[in-house]
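One structure below.
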Amino acid sequence: MAKPDKSRTEGLTTKVQERAVAAGIDLDALPRHIAIIMDGNGRWAKKQGMQRLIGHAQGYRTLKDVLLCASNLGIEVLTVYGFSAENWRRPDDEVQGLMKLIGNAARTELADLVRNNVQTRILGRLEEIPAETRRSLQALADSTRANTGIVFNLAINYGGRAEIVDAVKKIIDAEIPADRVDEEAISMRLYAPDLPEPDLIVRTAGEMRWSNFLIWQAAYAELFVTDTSWPDFGERELFDAVLAFQRRERKFGGL
Ligand code: FPP
């Protein structure tokens, strides 16, 4: 699943890469970090007369496929919004169902992710997550820490503003004087300071909102919104997002 060591892939392409090239993707200009707002599970389920949690379960299947696809394509970092700090406001049964789904997924996928060299990290205030789910997520992160393939960031109980607040608290705790507080001082205290910022943020199900996702890191990211609901998202849609990214001219504020 994960990107094998470079030394072993030199000159080799995966089937996904072959299909990507056929679709017009330039493998030398891939986004290093793709972040996804996986929206539309509920609407997808409703449209088929099913409960929202069935939509989330299908969303989990999609996530497994997309992680595999991104890894084989050669993406270095994939970050997904699994549960926002605002999602606690949903009805109890949905919150509990999502926590159960996430905890089960962490336990079920652990062996596969280890075997496939995926490094999984949890972004968010882990300490506020119900104990059983938290332990499973922690075990997943601990067991995959040494893996060298794709970095898979699972944003759970995540809020972009909360992440900035947490960084500011670390600055205050470290007694850093105001004249030494700059962008770098904040960036280096975010949840994953060692990773490249997302180059491409994908949102499914058509909403044109950031929803408090990676708001600091998104400063120069390209945004790709598709009407496709997350459960229907797949390789074709991922390729479309990468193609749109490659058509854009990134200026970073310059001309
Ligand atoms: C947004 O769709 C999606 C979520 C709040 C949850 C995303 C979770 C998954 C895809 C399952 C993840 C599994 C793991 C292991 C992380 P929505 O419910 O807001 O959809 P709607 O806007 O159509 O109601």
Side-chain angles (χ1 to χ4, degrees), residues 1 34-71 77-114 116 118-126 128-130 132-141 143-144 150-160 191 201-214 225-234 237-238:
M1 184 186 286
I34 299 180
I36 307 182
I37 302 174
M38 309 180 289
D39 199 9
N41 294 345
R43 276 164 281 172
W44 180 90
K46 195 174 167 202
K47 216 159 73 188
Q48 331 212 14
M50 296 187 297
Q51 291 187 344
R52 294 176 56 81
L53 280 170
I54 305 285
H56 295 313
Q58 189 58 41
Y60 162 44
R61 284 181 208 113
T62 298
L63 177 55
K64 289 204 289 186
D65 292 346
V66 170
L67 173 59
L68 179 66
C69 182
S71 172
V77 185
L78 181 74
T79 301
V80 298
Y81 213 174
F83 191 93
S84 79
E86 290 76 31
N87 284 154
W88 300 108
R89 297 183 197 139
R90 294 190 174 202
D92 263 6
D93 58 340
E94 184 169 346
V95 168
Q96 281 172 28
L98 270 168
M99 283 298 137
K100 213 166 149 189
L101 176 68
I102 291 167
N104 284 343
R107 288 187 292 278
T108 312
E109 302 304 326
L110 194 145
D112 245 18
L113 293 170
V114 170
N116 289 304
V118 178
Q119 184 186 120
T120 304
R121 302 190 193 186
I122 313 303
L123 310 185
R125 290 182 176 165
L126 201 57
E128 294 169 1
I129 295 173
E132 201 184 334
T133 307
R134 184 178 67 234
R135 279 194 290 270
S136 304
L137 289 170
Q138 194 69 64
L140 183 63
S143 316
T144 62
I150 192 170
V151 176
F152 173 52
N153 292 317
L154 201 42
I156 304 283
N157 189 29
Y158 174 87
Y191 296 149
I201 298 187
V202 175
R203 181 163 191 150
T204 60
E207 308 288 352
M208 300 283 184
R209 276 194 295 276
W210 291 113
S211 299
N212 201 15
F213 187 46
L214 303 174
V225 176
T226 171
D227 285 334
T228 304
S229 289
W230 178 246
D232 288 331
F233 194 92
E237 288 72 21
L238 189 69

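For ligands, and for the atoms within them, numbers begin at 1 and follow the listed sequence.
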For Phe213, what residues pass the ring pair (Phe, Tyr, Trp, His ring centres under 6.0 Å) criterion, not counting sequence neighbours? Tyr81
Answer yes or no: are there more than 12 heavy-atom neighbours, outside Glu128 itself, under 6.0 Å from its atom CD?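 Yes, because the 6.0 Å sphere around CD of Glu128 holds more than 12 heavy atoms from other groups.
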Between Ser136 and Arg107, is there a donor-acceptor pair closer than 3.5 Å when you use the side chain of the first and the backbone of the second? no
Test your reading of the model: is there a side-chain donor-acceptor pair from Asn157 to the backbone of Leu126, 3.5 Å cut-off? no
Only counting residues at least two apart or in another chain, list the ones meeting side chain to side chain donor-acceptor pair (under 3.5 Å) with Asp232.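 Per chain and number, Asp232 pairs via side chain to side chain donor-acceptor pair (under 3.5 Å) with Trp44.
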Give every pair made of an N or O atom of ligand 1 and a protein N or O atom lying under 3.5 Å apart, one pair per line with both atom names and the distance to 0.1 Å, or write 'none'.
unit_1   : atom_1 : unit_2 : atom_2 : d
ligand 1 : 2 (O)  : Asp39  : OD1    : 3.4
ligand 1 : 2 (O)  : Gly40  : N      : 3.4
ligand 1 : 18 (O) : Arg52  : NH2    : 2.8
ligand 1 : 18 (O) : Arg90  : NH1    : 2.9
ligand 1 : 19 (O) : Asp39  : OD1    : 3.3
ligand 1 : 19 (O) : Arg90  : NH2    : 2.7
ligand 1 : 20 (O) : Gly40  : N      : 3.3
ligand 1 : 20 (O) : Asn41  : N      : 3.2
ligand 1 : 20 (O) : Gly42  : N      : 3.1
ligand 1 : 22 (O) : Asp39  : OD1    : 3.0
ligand 1 : 22 (O) : Arg43  : NE     : 3.4
ligand 1 : 22 (O) : Arg43  : NH2    : 2.9
ligand 1 : 23 (O) : Gly42  : N      : 3.4
ligand 1 : 23 (O) : Arg43  : N      : 2.7
ligand 1 : 23 (O) : Arg43  : NE     : 2.8
ligand 1 : 24 (O) : Arg52  : NH1    : 3.0
ligand 1 : 24 (O) : Arg52  : NH2    : 3.1

Show me the side-chain donor-acceptor pairs of residues 47-55 shorter than 3.5 Å, one per line, residues at least two apart or across chains.
unit_1 : atom_1 : unit_2 : atom_2 : d
Arg52  : NE     : Glu94  : OE1    : 2.7
Arg52  : NE     : Glu94  : OE2    : 3.3
Arg52  : NH2    : Glu94  : OE2    : 3.2

